[in-house]
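In this text the structure is predicted, and so the values were computed from the model without any measurement. Naming: A, B, ... by sequence-line order, numbering from 1 per chain.
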Number of protein chains: 2
Amino acid sequence: MAGRGRPRTFDPDDALGRALDVFWERGYEGTSLADLAQAMGIASASIYACFGSKEDLFRQVMALYTATAGAPPRRALTDTPSTRTAIERMLHATVDQITGAESPHYCMLVLAAPTGAIENDAVREFLAEGRRGQRAAIRARLERGVAEGDLAASTDLDALSRYYATVVQGLSIQARDGATRDELEGVVASAMAGWGPLTARPGV
Amino acid sequence: MAGRGRPRTFDPDDALGRALDVFWERGYEGTSLADLAQAMGIASASIYACFGSKEDLFRQVMALYTATAGAPPRRALTDTPSTRTAIERMLHATVDQITGAESPHYCMLVLAAPTGAIENDAVREFLAEGRRGQRAAIRARLERGVAEGDLAASTDLDALSRYYATVVQGLSIQARDGATRDELEGVVASAMAGWGPLTARPGV
DNA sequence: CCATTTTTTTGGTGATCGACAAACAAATGG
DNA sequence: CCATTTGTTTGTCGATCACCAAAAAAATGG
């Protein structure tokens with residue numbers, strides 16, 4: 001085993017983690033290959049040999065990001081029995097994530113590349129697809145609530161899921177602007193205040 | 001009057017409007033001076049002579065943006081007697097603004113430069129300051145509601161203003177991802193559903 | 001030892017970035 | 001007509017962009 005040629009002098013997983021740090025701090029377009037090469041401790045030619053283009057590397061970085069930073073909110077959504085509590089815990093997990101001391105205060109899916117040069121359209125669409133996935137996950141959880149009799153069948157799942165997706169994404173802007181964890185908990189509490197009116201059986 | 005030297009061959013206000021279009025489409029870092037020069041119909045040297053650096057131009061563009069695109073939500077906030085209706089109309093005006101056919105579907109204050117290279121920190125802070133102004137305007141309107149007896153004095157104005165600012169900013173992501181006007185109206189309605197619980201006098 | 005395979009190192013590609021200097025053009029004041 | 005002032009045109013600056021070719025290095029199989 002172990003292949004034939006010259007062995008790698010770096011750990012690709014470790015290098016990917018360092019690339020994540022840089023992309024997280026500066027966004028997609030704000031990060032240059034020189035930045036990446038320095039942070040990853042390898043020459044840019046090695047980046048191309050191991051990860052492909054800058055865009056390829058970014059997609060692999062986002063896969064790592066989704067698997068790590070994205071896990072807690074996703075788990076809160078699926079692992080909580082009560083639908084209402086599932087949404088609430090998902091929001092709290094999001095706040096936790098974007099106010100941590102270890103990393104920049106925003107969700108990469110939301111702010112790593114919302115605008116930019118035309119040539120990077122594919123990257124923006126890639127992230128937009130991820131965000132649509134966020135909303136789809138929320139909607140799926142609400143559907144499950146209806147199926148389990150936890151939520152009135154008359155609930156407007158489109159509106160409700162989009163509403164909470166909007167809050168999740170707005171939180172990143174707030175955190176980026178310096179809002180504290182406590183302040184964002186207040187936002188979450190406010191966002192949950194509408195749960196009763198929004199899920200009540202109409203006309204009953 | 002009319003100065004001494006050679007007269008300008010272009011209208012600065014018109015050129016500023018064209019610069020706004022480009023910055024709006026591609027964000028701050030995604031827009032190059034070549035893009036601007038072409039859209040404004042003048043050489044880049046003329047841009048420097050008339051507007052200063054790229055950053056200077058962007059600040060003037062944002063002043064124009066705030067005065068035009070930013071006016072309807074701002075007016076809805078101040079010109080509506082009922083506090084609740086003022087917030088609601090502000091949200092509707094925002095949805096109107098970011099789903100218009102004439103311009104990209106997002107608020108520049110929110111998405112023109114949320115992340116990017118370190119050298120553009122000043123621009124990001126400039127926009128962050130504008131966003132904090134958004135929330136301050138909402139808060140000021142709520143304070144007025146309290147002063148006018150329209151809102152219970154016990155209302156948590158910090159949390160409430162931050163909550164609606166979060167929704168306003170989240171709407172830009174939703175619109176950018178293709179949400180229709182009707183879908184965003186549903187988000188606004190959902191966001192307003194919490195108004196009653198959030199403004200009720202506690203323990204009464 | 002040698003051929004093969006794979007990675008690293010080195011160095012540089014053309015393109016584009018924001019910004020500006022110098023030369024030229026068009027107006028006014030005298 | 002001429003000096004002055006201001007704007008435009010032209011050309012280009014050094015830096016940086018994403019990307020890659022060529023050569024050298026380090027492993028394996030025979």
Chemist: Examine D:dG7: is either OP1 or OP2 under 4.0 Å from a nitrogen or oxygen in the side chain of B:S46? Give yes or no.
Modeler: no
Chemist: Please give, in whole Å, the distance from C:dG18 C1' to B:F58 CZ?
Modeler: 16 Å
Chemist: From CD1 of B:I42 over to P of D:dT10, roughly how many Å is that when rounded to an integer?
Modeler: 14 Å
Chemist: Pick base, sugar-phosphate or nothing for A:S32, based on heavy-atom distances below 4.0 Å to the nucleic acid.
Modeler: sugar-phosphate
Chemist: Without decimals, in angstroms, what is the distance between B:L33 CG and D:dT10 P?
Modeler: 18 Å
Chemist: Between A:R162 and A:D158, is the closest basic N to carboxylate O distance under 4.0 Å?
Modeler: no
Chemist: Find the distance B:D56:CG to C:dA19:C1' and express it as a whole number of Å.
Modeler: 12 Å
Chemist: It should be established whether B:Y48 places a side-chain nitrogen or oxygen under 4.0 Å from OP1 or OP2 of nucleotide C:dA19.
Modeler: yes
Chemist: Rounding to a whole Å, what distance do you find between A:R4:CZ and C:dT4:C1'?
Modeler: 5 Å
Chemist: Of the nucleotides C:dT10, D:dT8, C:dT8, which has the atom closest to the B:A49 side chain?
Modeler: D:dT8
Chemist: Can you name the one residue among A:R124, A:R132, A:Q134, A:R131 that meets side chain to side chain donor-acceptor pair (under 3.5 Å) with B:D177?
Modeler: A:R131
Chemist: Over 60° means perpendicular and under 30° means parallel, so tell me whether A:W195 and A:Y164 are parallel, tilted or perpendicular.
Modeler: tilted
Chemist: Does some side-chain heavy atom of B:L16 sit less than 4.5 Å from a side-chain heavy atom of B:D11?
Modeler: no
Chemist: Looking only at the side chain of B:F10 (C-beta and beyond, no hydrogens), which of the listed nucleotides D:dT10, D:dT8, C:dT9 gets closest?
Modeler: D:dT8
Chemist: Quickly work out the A:L57 CG to D:dA18 P distance and round it to whole Å.
Modeler: 11 Å
Chemist: To the nearest Å, give me how far apart CE (B:M40) and P (D:dT9) are.
Modeler: 14 Å
Chemist: Taking only the side-chain heavy atoms of A:R6 (C-beta and beyond), determine which of D:dA24, C:dT28, C:dT10 contains the nearest atom.
Modeler: D:dA24
Chemist: Specify the separation, in whole Å, of atom CD of B:E29 and atom P of C:dT16.
Modeler: 18 Å
Chemist: With respect to the side chain of B:K54, which nucleotide from D:dC19, C:dT9, C:dG18 is positioned closest?
Modeler: C:dG18
Chemist: Base, sugar-phosphate, or nothing for B:T9, non-hydrogen atoms under 4.0 angstrom?
Modeler: sugar-phosphate
Chemist: Are side-chain N/O atoms of B:R135 and B:S161 paired as donor and acceptor at under 3.5 Å?
Modeler: yes
Chemist: Take A:S44 and B:D35, find for each the nucleotide of DNA chain C with the closest heavy atom, and name the residue whose nucleotide sits nearer the 5' end.
Modeler: A:S44
Chemist: C:dT7 phosphate, OP1 or OP2: any side-chain N/O from A:R8 under 4.0 angstrom?
Modeler: yes
